[in-house]
Amino acid sequence: MKVVIVGGVAGGATAAARIRRLDEQAEITVFERSGYISYANCGLPYYIGDVITDAEDLTLQSPESFFTRFRVNMRVHHEVTAINPDRKTVSVKNLESGEIFEENYDKLILSPGAKPTQPRLPGIGISQLFTLRTVEDTFRIKEYINKNQPKSAILAGGGFIGLELAENLRELGMDVTIVQRPKQLMNPFDADMASFIHNEMRKHGVTLALGHTVEGFEEKEGGVDVLLKDEAPLHADMVVLAIGVTPDTTLAREAGVELGIKGSIIVNNRMETSIPDIYAVGDAVQVKHYVSGQDALISLAGPANKQGRIAADNICGGDSRYQGSLGSSVIKVFDLTAATTGLNETNAKKAGIDTDKVILSPMSHAGYYPGGKVMTMKVVFEKGTYRLLGAQIVGYEGVDKRIDILAAAIQAGMKATQLKDLDLAYAPPYSSAKDPVNMAGFMIDNIANSLLKQWFLEDIPKLPHDGSVTLLDTRTAAEYRRGHLDDFKNIPVDELRERLDEIEQGKPVYVICQSGLRSYIASRILAGNGFDTYNFSGGFRFYEAVMNDRCLIETAAACGMDQ
């Protein structure tokens, strides 16, 4: 059996190694147009920032090492220019010699990946304008920085690459601005949770120009002017486009392979395309979202590796199936860690799911053990069924552990109420006897059992201030003085039982505290005394972080820049 693989990196290289492990006799050839067949794509920004100092550390395998171990013929600097399904061949160009030839196959795997999205704007192509996707891109940026010592950079786009590059350029001492049309960074997060990411970026000196439309680029004064719609241009010594990626599927389209959203390759759960004996994996393929079942594009290394393994299994006579993508991801944002899995609230609602949520602020480990830090968790579930839909966590320690637990729970089909039953490891330096994931489960179980009714940030503009409801803040008097919501009466939770006569019977009571815990206790006290109570999800801490961020964005939009 002869297998040809177009593209290396995650999906292609994984497929090649798996085929060899399953079939010692197979003839396997990988054509890769770059000079690198397997590299740490996610590590590229950290090489630019000198966190990774040896360029060789970016290369996971060389063509020689791959051949030595797996007897796979890795042909770098070879570009596949056409697929000929009728003859079962691919047309290949040797980019070093210019030679053009055809290679036949029994099975073909397409792993072309995705390319940086480059809008058709004036100035695309100027020398100080870069993209970051490949090792070669990384070396070009690093060489430019070393040679020209730029003092400032503008990053167009606020996704994974944009944020990681912003951090690393700041570590090099550069002034960094992120500019983009959406008013939030990191689209996998809901806007409220993204507020914590924004705050961390600003804290470390990154300027955020959110809600601005880039219309072009001009060379000026040895640098670049970024032209904005209806705004004065921004100027920097260099610009990096990081506005997303587009499936690189020209070959597939020209061969007649059926394509899906944004030109991605449609595959079944065996990673088979519409043409027999042609498989596709990685960032170029359309997948099903594991939770919603809807078509999706999820450009992450984990799914690409799994898809490569599945295609290899099926080529070698197995029957492996891809179950869909959760989109689980984690990112370092200076001192902060932000992670997400499944559907966020925004996308769950877009998918037509009736959603509910809990927002909590637990400590990363036992409060009595030194060094514990607060994290903010948002767990989204379906109303009525309590199907677990997704989660987002932002914090400093233990974030990755909790998001992985929640991802596993979603994959296992657990209900959100069952999170309370998980038996998780506990020792004071690592967790609490009531782990944050358990705490989320306790809260959702309370909702299911009518012990907890909530109100949310989006309800604040609709709150009546005419005396028809009671607005109650149960923090201490000192906390209340430092800031509170309009018309909220302050009765600390520990004084509540003695001051119940200050709350009028027959009116709903909307309760808030700093994190949501004391207000929940107050809600139970009030409910036990005949009041109809609603607890604010997330607490005043959450409200303050989100509203301060929104104020900065809107004020900055009015004056042309977000600080």
Side-chain angles (χ1 to χ4, degrees), residues 9-11 14 41-42 113-114 117 157-164 182 184-194 197 242-247 260-262 264-267 269 271 280-310 321-333 337-353 355 357 377-382 387-394 399-414 416 437:
V9 195
T14 295
N41 188 291
C42 299
T117 302
F160 287 96
I161 291 294
L163 265 65
E164 290 170 347
Q184 74 164 83
L185 305 175
M186 294 299 292
N187 190 53
F189 292 80
D190 288 314
D192 50 10
M193 294 297 288
I197 299 173
I243 58 177
V245 293
T246 303
I261 52 178
K262 294 187 177 179
S264 57
I265 300 171
I266 292 178
V267 293
N269 60 6
M271 308 314 297
V281 302
D283 293 354
V285 306
Q286 174 180 294
V287 298
K288 296 290 185 184
H289 195 284
Y290 186 85
V291 178
S292 69
Q294 295 182 340
D295 294 333
L297 289 177
I298 297 179
S299 299
L300 295 169
N305 275 280
K306 295 180 185 73
Q307 293 159 13
R309 179 185 175 94
I310 288 167
R321 307 278 174 154
Y322 189 64
Q323 297 182 8
S325 294
L326 272 176
S328 302
S329 60
V330 63
I331 184 171
K332 177 182 179 292
V333 185
T337 299
T340 181
T341 189
L343 290 176
N344 62 25
E345 182 184 10
T346 305
N347 290 332
K349 288 180 176 178
K350 286 180 180 177
I353 302 172
T355 64
K357 63 196 172 190
M377 295 177 62
K378 181 176 184 177
V379 179
V380 182
F381 56 95
E382 186 174 31
R387 176 166 64 115
L388 189 56
L389 301 175
Q392 301 152 67
I393 311 176
V394 179
V399 169
D400 53 340
K401 175 168 76 169
R402 274 62 184 224
I403 208 70
D404 284 343
I405 294 169
L406 289 160
I410 296 171
Q411 196 90 23
M414 292 179 61
V437 174

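Just so we're clear, the structure is a prediction, and the values are computed from it rather than from any experiment.
- A 4.5 Å side-chain heavy-atom check between V287 and Q307 finds at least one atom pair inside the cut-off.
- Distance check, rounded to the nearest 0.5 Å: CD1 of I298 to NE2 of H289 gives 5.0 Å.
- Contact record, G113 with A284: O-CB, 3.4 Å, taken as the closest heavy-atom pair.
- At distances below 3.5 Å, not a single donor-acceptor pair connects side-chain atoms of Q392 with backbone N or O atoms of F189.
- Distance check: T341 OG1 to I403 CD1 gives 6.0 Å after rounding to the nearest 0.5 Å.
- Among all heavy-atom pairs drawn from M271 and I310, the shortest one is CG-CG2, 3.8 Å.
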What verdict does the side-chain contact (heavy atoms from CB on, under 4.5 Å) test give for T355 and L389, after you've listed the backbone C-alpha separation in whole Å, the side-chain angles of each residue and the deciding distance to 0.1 Å? CA-CA 9 Å; T355 64; L389 301 175; 3.9 Å; yes

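- Nearest approach of G324 to Y290, heavy atoms of both residues: C-CB, 4.2 Å.
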Does K262 form a side-chain contact (heavy atoms from CB on, under 4.5 Å) with T246? I'd like the steps, not just the answer. CA-CA 7 Å; K262 294 187 177 179; T246 303; 5.5 Å; no

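- Between K288 and N269, the closest side-chain pair of non-hydrogen atoms is not below 4.5 Å.
- Listed for the N344 side chain is a donor-acceptor partner under 3.5 Å among the backbone atoms of N347.
- A distance-only check finds no donor-acceptor pair linking the side chain of Q294 to the backbone of A296 [under 3.5 Å].
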Given side-chain contact (heavy atoms from CB on, under 4.5 Å), test V399 with V394 step by step and report yes or no. CA-CA 7 Å; V399 169; V394 179; over 6 Å; no

Pair L388-V291, side-chain contact (heavy atoms from CB on, under 4.5 Å): steps then yes or no: CA-CA 9 Å; L388 189 56; V291 178; over 6 Å; no

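- No donor-acceptor pair closer than 3.5 Å links the side chain of T117 to the backbone N or O of I243.
- Listed here is the closest heavy atom pair of L326 and I410: CD2-CG2, 3.5 Å.
- For the pair M193 and T340, the minimum side-chain heavy-atom distance is 4.5 Å or more.
- To the nearest 0.5 Å, the span separating CE on M377 from CZ on R402 amounts to 8.0 Å.
- Between I405 and K401, some side-chain heavy-atom pair lies under the 4.5 Å cut-off.
- Tested against E382, the residues K357, R387, K349 include a single salt bridge (Lys or Arg N to Asp or Glu O under 4.0 Å) partner, R387.
- Between the side chain of D190 and the backbone N or O of T346 there is at least one donor-acceptor pair closer than 3.5 Å.
- Residue L343 comes nearest to A348 through the heavy atom pair CD1-CA, 4.0 Å, listed as atom of the first residue, atom of the second, then distance.
- In terms of modelled atom types and a separation under 3.5 Å, the side chain of Q286 and the main chain of I261 share a donor-acceptor contact.
- Smallest separation of non-hydrogen atoms from A391 and L406: CB-CD1, 3.6 Å.
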